Amino acid sequence: MVTLHIADKKIECAEVKPIKLTMLITANGQEYLLLYDWGQKHLYAVNRGKGDQPEFVYIDKVIRVEEEPRIKRIAQ
């Protein structure tokens, strides 16, 4: 059971399945949210609204994600 407290409201929910979120940013500063849900991937654009509150705009289902290998740093 999960209880959410929002301003003057309380919402009690059951967690069905944790989802994975990945925040992405382009070189020019555009933010995206990659949502892994029920074996599918969905892409949302993140825009800053009034009071710097995020607004999420659904773009489309992601067909494939390619990741560059991460460089391991050797501690010296």
Side-chain angles (χ1 to χ4, degrees):
M1 183 64 89
V2 176
T3 303
L4 306 171
H5 298 271
I6 304 170
D8 60 347
K9 197 182 232 183
K10 182 169 107 174
I11 303 170
E12 293 184 0
C13 309
E15 184 176 350
V16 178
K17 175 184 178 259
I19 57 177
K20 181 179 175 187
L21 301 172
T22 303
M23 193 71 171
L24 305 167
I25 189 166
T26 64
N28 65 357
Q30 175 62 47
E31 296 174 315
Y32 293 96
L33 183 69
L34 182 60
L35 171 73
Y36 294 85
D37 185 32
W38 301 104
Q40 297 182 2
K41 298 176 265 318
H42 301 276
L43 186 64
Y44 292 82
V46 181
N47 300 315
R48 297 296 169 177
K50 296 178 182 176
D52 206 32
Q53 292 181 357
E55 295 175 352
F56 302 97
V57 179
Y58 181 75
I59 296 176
D60 205 350
K61 182 177 174 181
V62 176
I63 297 168
R64 185 175 73 211
V65 175
E66 294 180 13
E67 294 184 31
E68 292 183 15
R70 296 182 186 207
I71 300 171
K72 294 184 180 180
R73 296 181 184 249
I74 300 173
Q76 295 183 0

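Everything numeric in this text was worked out from a predicted model, so none of it was measured.
- Side-chain contact between Lys10 and Glu12 is present, with at least one heavy-atom pair separated by less than 4.5 Å.
- The minimum heavy-atom distance between Met1 and Cys13, with the atom names listed, is SD-O, 3.0 Å.
- Taking each heavy atom of Tyr32 and Val46 in turn, the nearest pair found is C-CG2, 4.0 Å.
- Taking every heavy atom of both residues into account, Tyr36 and Thr22 meet most closely at CE1-OG1, 3.7 Å.
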Between Gln30 and Leu24, is the side chain to side chain contact (heavy atoms under 4.5 Å, CB included) condition met? List the steps.
CA-CA 8 Å; Gln30 175 62 47; Leu24 305 167; over 6 Å; no
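- Cluster annotation: Tyr44 and Ile25 are assigned to distinct hydrophobic clusters (Ile/Leu/Val/Met/Phe/Trp/Tyr, side-chain heavy-atom contacts under 4.5 Å, transitive).
- Side-chain contact check for Leu35 versus Gln40: every heavy-atom pair is 4.5 Å or farther apart.
- No more than 12 heavy-atom neighbours from other residues, nucleotides or ligands sit within 6.0 angstrom of CG on Asp8.
- Between His42 and Tyr58, the ring planes lie tilted relative to each other; the angle falls in the 30° to 60° range.
- Rounding to the nearest 0.5 angstrom, the gap separating the CG atom in Leu43 from the CD1 atom in Ile63 is 12.0 Å.
- If you take NZ on Lys20 and CG on Asp37, they are separated by 13.0 Å, rounding to the nearest 0.5 Å.
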For a side chain to side chain contact (heavy atoms under 4.5 Å, CB included) check, start with the C-alpha distance between Leu33 and Met23, then their side-chain angles and the critical distance, and finish with the verdict.
CA-CA 5 Å; Leu33 183 69; Met23 193 71 171; 4.1 Å; yes
